[in-house]
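These notes are about the structure you will find just below.
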Amino acid sequence: MSSLKGKIITVVGSGLIGRSWAMLFMSGGYMVKIYDNIPGQASGAITDIRKQIEELQQAKMLRGNLTAAEQLSLLSSHDDLLQALEGAFFVQECVFEDLEAKQSVFHEVENLVTESVILSSSTSCLMPSNVFSRVQNRTRCIISHPVNPPYYVRLVELVPHPETLPAVMDVAYSLMTDVGQAPVRLRKEIDGFALNRVQYAIIAESWRLVQDGVISVKDIDLVMSEGLGMRYAFIGPIETMHLNAPEGMEDYLQRYSEGIKRVLNTFGPVSDFSGEPADRIIKEICELIPAEQEHLTARRERRDQLLMGLAKLKK
Ligand code: NAD
């Protein structure tokens, strides 16, 4: 993978996720060309990235082996797509979560790059077969789904289109590893990928327990942050099962699988997340964390600091 060092990656879309990808790729020594279809937006993104990178350096939280100045020298902004794509081996799309917008971006990009260029989407929830439906050569298409905030949360889900070549998955995997992310490979596409399917299962049951008056918003969040989340930050649910019985997984299944099935069978239908329960849950969470920007921003900053500390501990 070191042969790719110094090579060019084009980031299409300069919002929250486009900026994060740019910062990650720069931290790994890649040259990053950032493009946005709103003129001036990409150069505005660079101003913001500069500020973030300098603050990260001051706080000793900058990723990679290069200084802030060295990383920033790798970054350029473009209002012209063709110019932005010139020389790139990898294109990371980060436009709005809108199927038609993504389809037309990839259609346009494919017509401007050579066959070997990898086309990667940041989509959170759209299926690869839909996102890339207007691309002719879909063997080089992949979804690289980051987790917010990607600078601190290392996971990237790599999701193939049914026609994606294994070699394309391998390049994306190596690139993500090279910039310090933690990629996982999905073997086939599925709605919600892996992370959101697990996340939605947790949201569904947490919501149900509050909705049904079993527990408060504050306490269900503590169930995660002081309980399950503590160990899930280090080991996943399957390893947790394996470690939670003296003789490992087989033992665990013998002891607990009947109980798991019994409880799972009490899970009701999917909530519609609206009406009186939603009003009540909104009121409860806003009493804990008011919805004004200052409170949310302070909370996000605290989250990012803790995530960074956790990431350092895990190294
Ligand atoms: P955003 O709204 O912050 O940014 C989108 C950017 O794309 C804007 O700057 C916009 O001007 C630009 N854009 C729109 N159409 C374009 C086009 N045709 N060509 C070039 N630029 C265009 O959105 P975001 O939060 O950065 O999300 C981007 C993608 O990343 C979405 O698909 C989203 O689902 C995914 N994602 C988001 C998160 C998250 O938590 N925000 C996490 C993982 C993945």
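Counting convention: from 1, in listed order, for ligands and their atoms alike.
- Around CZ of R299, the count of heavy atoms belonging to other residues, nucleotides or ligands within 6.0 Å does not exceed 12.
- Contact annotation: for I17 versus ligand 1, heavy atoms closer than 4.0 Å belong to both the backbone and the side chain.
- Both L82 and V117 are members of a single hydrophobic cluster when ILVMFWY side chains are connected at heavy-atom separations under 4.5 Å.
- Taking a 4.0 Å cut-off on heavy atoms, K102 registers as neighbouring ligand 1.
- Distances from atom 12 (C) of ligand 1 to the heavy atoms of D36, N196, V95 show the closest one on D36.
- Nearest to atom 41 (N) of ligand 1 among the protein's heavy atoms is L16 CD2, 3.6 Å.
- To the nearest 0.5 Å, the span separating CG on L126 from CG on D98 amounts to 8.0 Å.
- Distances below 4.0 Å separate heavy atoms of I38 from the following atoms of ligand 1: 11 (O).
- Between the side chains of Y151 and D304, no donor-acceptor pair of N or O atoms lies under 3.5 Å.
- N37 N, 3.4 Å is the protein heavy atom nearest to atom 21 (N) of ligand 1.
- The shortest N or O to N or O distance between E93 and ligand 1 is not below 3.5 Å.
- Applying the 6.0 Å contact sphere to CG of D80 captures more than 12 heavy atoms from other residues, nucleotides or ligands.
- With hydrogens left out, the protein atom closest to atom 35 (C) of ligand 1 is S122 O, 3.3 Å, a heavy atom.
- Nearest non-hydrogen protein atom to atom 44 (C) of ligand 1 is S124 OG, 3.2 Å.
- For A101, the closest heavy-atom approach to ligand 1 does not fall below 4.0 Å.
- A salt bridge does not link R262 to E258: none of the charged side-chain nitrogens sits closer than 4.0 Å to a carboxylate oxygen.
- Close N/O approach between V105 and ligand 1 is not found [any backbone or side-chain N/O within under 3.5 Å].
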